[in-house]
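Order of the sequence lines fixes the chain letters, A, B, ..., with proteins taken first and strands second; residue numbering starts at 1 for each chain.
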There are 2 protein chains.
Amino acid sequence: AVGLTNVRKVYGKRDNEVVALDGVTTQFRRGTFTAIMGPSGSGKSTLMQCAAGLDQPTSGSVLLEGHEISELDETELTKLRRDRIGFVFQSFNLLPVLTVRQNVTLPLRLAGRPPSRSRVATVLEQVGLAQRKNHRPSELSGGQQQRVAIARALISEPAVLFADEPTGALDTRTAQDILALLRHSAQTAHQTIVMVTHDPVAASYADRVLFLADGRLAGELHAPTA
Amino acid sequence: AVGLTNVRKVYGKRDNEVVALDGVTTQFRRGTFTAIMGPSGSGKSTLMQCAAGLDQPTSGSVLLEGHEISELDETELTKLRRDRIGFVFQSFNLLPVLTVRQNVTLPLRLAGRPPSRSRVATVLEQVGLAQRKNHRPSELSGGQQQRVAIARALISEPAVLFADEPTGALDTRTAQDILALLRHSAQTAHQTIVMVTHDPVAASYADRVLFLADGRLAGELHAPTA
Ligand SMILES: Nc1ncnc2c1ncn2[C@@H]1O[C@H](COP(=O)(O)OP(=O)(O)OP(=O)(O)O)[C@@H](O)[C@H]1O
Ligand SMILES: Nc1ncnc2c1ncn2[C@@H]1O[C@H](COP(=O)(O)OP(=O)(O)OP(=O)(O)O)[C@@H](O)[C@H]1O
Ligand SMILES: [Mg+2]
Ligand SMILES: [Mg+2]
């Protein structure tokens, strides 16, 4: 579903250059659940953004759902992301003036496919926020905001879900509910899930764990078949 | 250093009311390191904001460094916070147009006590960001932004440091460096540290752990004397 070949991402100019990704090659096959771990600043969010078509690599290729993203124009790329990709951002990126319900349904409404009342209710129930749908992000706790971001990414049943530290603000029990939800989606809906985490418990829900260090893949672990 | 007596915090109006804190009474004694744990939405951030004088409780009293905060006017409260309190926010609250260095030194400059070059260098070194001092928050990873927020709170050597999930965005190893730094400050500088976390490893660095659920204290654990 997603393939990266020799992806490099460099920020800044000559003297001020930061090499965020230094030649990453890997596959995220359909229906698999991959966790990505590594030190702060090792390139995890950058890798996710390049893989999801949110950022163009400096060099190398990204094949996303069969499309070479460097060959797509902005409109085609936006359409591909809107129809096939879900992204949970590390800093949530919720719209402060919209309610929980409006934030969660926005991408689908922009795509011209507004979700049914019952679909919205289901997703809010799954992340434990059914009671808060008319509140705004500033009236929610950190973990509640994170769950709104998760609901927004899940509601469109994306072919590929990218989640950048989706349980960072959650207590252990809520985190486990969310992780079980993600694993269930991968198994039953054949969704491809790519999740950055530094929580080993979260990583244990995945089929495989990739380790990133200094912008390069430093290792890989496969889960024992359950 | 900080005492809460029957603190209640209610948000919203009649039909839409949310009781974030439901009568919390506790002490954070000078030189102690307390961790606060509890489910997402249980009132941890609200407790911290009331204890630090960033928010006024609906009822009950907060004694902060000897001052009853409901009796202070805005100017006195601002001065108290500026001189004695450090706060690491759950969502960092960095200023996007300022560099790392400017963000870290801002509170002290506003207090009319700009820090020396070497003090700034020391603090940036302690959080592992010496190389990035001229970058802006948007050019940093999530964990790097969190560390800027930590450096900003530490640089003034506050009498009381409140840290709301300060290691949420950090990998295990960086988190341990930060936690060791905090514990060292509590022990050598007699700083009072109050830290919200849902990481049991982070909590193990504290002298005592308070458990919050539905806005009330639900239990307490004391660390075995080392
Ligand atoms: N301005 C507000 N209006 C309404 N409800 C609010 C407001 N601010 C906070 N709340 C609610 O108060 C409760 C406690 O919030 P708080 O942020 O203290 O939780 P928390 O324990 O820090 O959670 P987390 O672990 O998710 O950060 C939550 O249910 C939250 O939605
Ligand atoms: N716009 C930018 N300009 C310069 N450097 C950048 C920019 N964006 C990211 N970086 C740098 O690229 C490197 C990788 O960043 P990235 O956000 O991918 O790290 P990460 O592994 O997600 O870290 P964390 O665990 O802290 O979230 C970091 O050193 C970061 O500071
Ligand atoms: Mg990141
Ligand atoms: Mg909180």
Greatest number of heavy atom pairs closer than 4.5 Å to chain B - which of Pro200(A), Ser141(A), Pro39(A), Gly143(A) |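 So the answer, after comparing Pro200(A), Ser141(A), Pro39(A), Gly143(A), is Pro39(A).
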Among Gln145(B), Arg147(B), Gln146(B), find the one that has a side-chain hydrogen bond (donor to acceptor under 3.5 Å, both in side chains) with Ser40(A).
-> Arg147(B)
Can you say whether Val201(A) sits under 4.5 Å from chain B via the side chain, the backbone, both, or neither, judging by heavy atoms?
->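 For Val201(A), there is no contact with chain B at all, as no heavy atom is under 4.5 Å.
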Side chain, backbone, both or neither of Gln144(A) within contact of chain B (heavy atoms, under 4.5 Å) | both
With sequence neighbours excluded, tell me which residues meet side-chain hydrogen bond (donor to acceptor under 3.5 Å, both in side chains) with Asp171(B).
-> Thr174(B)
Which residues pass the side-chain hydrogen bond (donor to acceptor under 3.5 Å, both in side chains) test with Ser61(B), sequence neighbours left out?
->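 For Ser61(B) the side-chain hydrogen bond (donor to acceptor under 3.5 Å, both in side chains) partners, ignoring immediate neighbours, are Glu68(B).
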Just wondering, more than 12 heavy atoms not from Asn134(A) lying within 6.0 Å of its CG?
->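 Yes.
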Should the heavy atoms of other residues, nucleotides or ligands under 6.0 Å from CG of Asp214(A) be counted, would the total exceed 12?
->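 No - once you tally the heavy atoms of other residues, nucleotides and ligands closer than 6.0 Å, there are 12 at most.
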Please set out all donor-acceptor pairs under 3.5 angstrom arising from side-chain atoms of residues 176-183 of chain A, sequence neighbours excluded.
none

Qualifying residue for side-chain contact (heavy atoms from CB on, under 4.5 Å) with Val18(B), from Arg132(A), Gln131(A), Glu139(A) |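 For Val18(B), the side-chain contact (heavy atoms from CB on, under 4.5 Å) check succeeds only for Arg132(A).
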Where do Leu170(B) and His198(A) come nearest, in terms of heavy atoms and distance?
->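 Of all heavy-atom pairs spanning Leu170(B) and His198(A), the closest is O-CD2, 2.9 Å.
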Sorted by number, residues from residues 148-156 of chain B in contact with chain A (heavy atoms, under 4.5 Å) = none
